[in-house]
Amino acid sequence: QAEDGIRDPPYSLVGSEMCIRDRASPGFFQTMEVPVLKGRDFTPQDHSGTPDVVVVSEALANRFWPGQDPIGMQIQRGEARRPATVIGVAQDTKIERLGEAPLPFVYFSSAQYPTSFIRVVARGEGDASDVLTTLRRSLREMNPDFAIMDVRSMEDHLALLLFPSRVAALLLGVFGGLALLLCAIGLYGVVDFSVSARTREIGIRISLGAQRGVVVGSMMKDALKWVGIGGLVGFSAAVALARLIQGLLFGVGAGDPFTLTLVVLLLGGVAMVAAFVPARRATRVNPVEALRME
């Protein structure tokens, strides 16, 4: 049975309910930058006159042959076909959605399983439109009777797929920016008020001979101490809660250290300005007037 994964000889019946399948030709994995982790890629020697061969994904190998070497195992595609031998294991790729779990996938040789409908993938340097034009011309030169249905760059191909994620990222970015702005405004107000409330203390210290720079530094140090404690708590909470949105992130980790550090530094800078401005202003007040302030 397919669920057993191993028999002697090791056959596995592949059905649409068990894995996704497609055809590939030599050079496909290199072009798509999908590493072949074990075994080998297809070669021109894998044609209709040689034994059938397949390349499987990591997910399929782990499902059918856990803890075993899948190279040399055999897969049966339909009772009318002879078993195909596994010659390689390719790294898992995204098939339908970027956030999906790895799906079992089997690549059959396009030379051994020919079809009238093919997909051509090409990689080139320069502008994507130039590459597409060259690809069209090359296909026409190969066979003028080719009916080219659709030619798109990978960026255009993924545009629709990524659209919901990009909209969500834009909205989250806008709301996150507004939240950061409100946080900075609130932090500035709280620190400014707390330092301004110590104007009387500042007047007493200056009247006793304290240097103005020392007083300002002391006020900023006291303000940053509490801001630092709050920043540490917030940083830890952000790292812990970021796992909740891990599935929405692509190309960046949930605990992105650059973003988290930038936010902490920004709020720390706001706190420093909020502490410096009122403290500097208070040191310029006449000590006698400062002592009279409530």
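Just so you know, residue 1 is the first one in the sequence shown, and it goes up from there.
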Nearest non-hydrogen partners of [X] and [Y], listed with the distance:
X      : Y     : result
Gly27  : Thr31 : O-OG1, 2.8 Å
Pro102 : Asp92 : CB-OD2, 3.4 Å
Pro70  : Lys38 : CD-NZ, 4.3 Å

Indicate yes or no for a side-chain donor-acceptor contact from [X] to the backbone of [Y] under 3.5 Å, with no hydrogens or angles considered.
X      : Y      : value
Ser218 : Val214 : no
Asp52  : Pro83  : no
Asp46  : Thr43  : yes
Arg21  : Phe108 : no
Arg40  : Gly88  : no

| message | Glu33 vs Arg123, test: side chain to side chain contact (heavy atoms under 4.5 Å, CB included). Steps then yes/no. | response | CA-CA 10 Å; Glu33 295 186 347; Arg123 179 180 298 275; 3.5 Å; yes
Is [Y] reachable from [X] through a run of I, L, V, M, F, W or Y residues, each pair having side-chain heavy atoms under 4.5 Å apart?
X      : Y      : value
Leu139 : Val131 : no
Phe163 : Leu171 : yes
Met32  : Val36  : yes
Val270 : Val273 : yes
Leu103 : Val34  : yes

If you round to the nearest 0.5 Å, how far is [atom2] of [Y] from [atom1] of [X]?
X      : Y      : atom1 : atom2 : value
Asp41  : Ile87  : CG    : CD1   : 7.0 Å
Phe175 : Leu180 : CZ    : CG    : 15.0 Å
Phe42  : Ser110 : CZ    : OG    : 8.0 Å
Asp127 : Thr133 : CG    : OG1   : 9.0 Å
Arg63  : Ser57  : CZ    : OG    : 10.5 Å
Leu132 : Arg137 : CG    : CZ    : 11.5 Å

| said: Angle between ring planes, Tyr107 versus Phe29, binned at 30° and 60°: parallel, tilted or perpendicular? | reply: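 Rings of Tyr107 and Phe29: perpendicular, as their planes differ by over 60°.
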Check: [Y] and [X] side chains under 4.5 Å, non-hydrogen atoms:
X      : Y     : answer
Val89  : Val55 : no
Leu60  : Ile75 : yes
Leu37  : Glu58 : yes
Val86  : Gln74 : no
Phe105 : Asp22 : yes
Met73  : Gln68 : yes

| field | Distance-only side-chain donor-acceptor flag, Gln112 / Thr50, under 3.5 Å | value |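 Short answer, yes.
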| said: Looking at Gln91, I want to see if its CD is surrounded by more than 12 non-hydrogen atoms of other residues, nucleotides or ligands under 6.0 Å. | reply: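 Check passes, neighbour count above 12.
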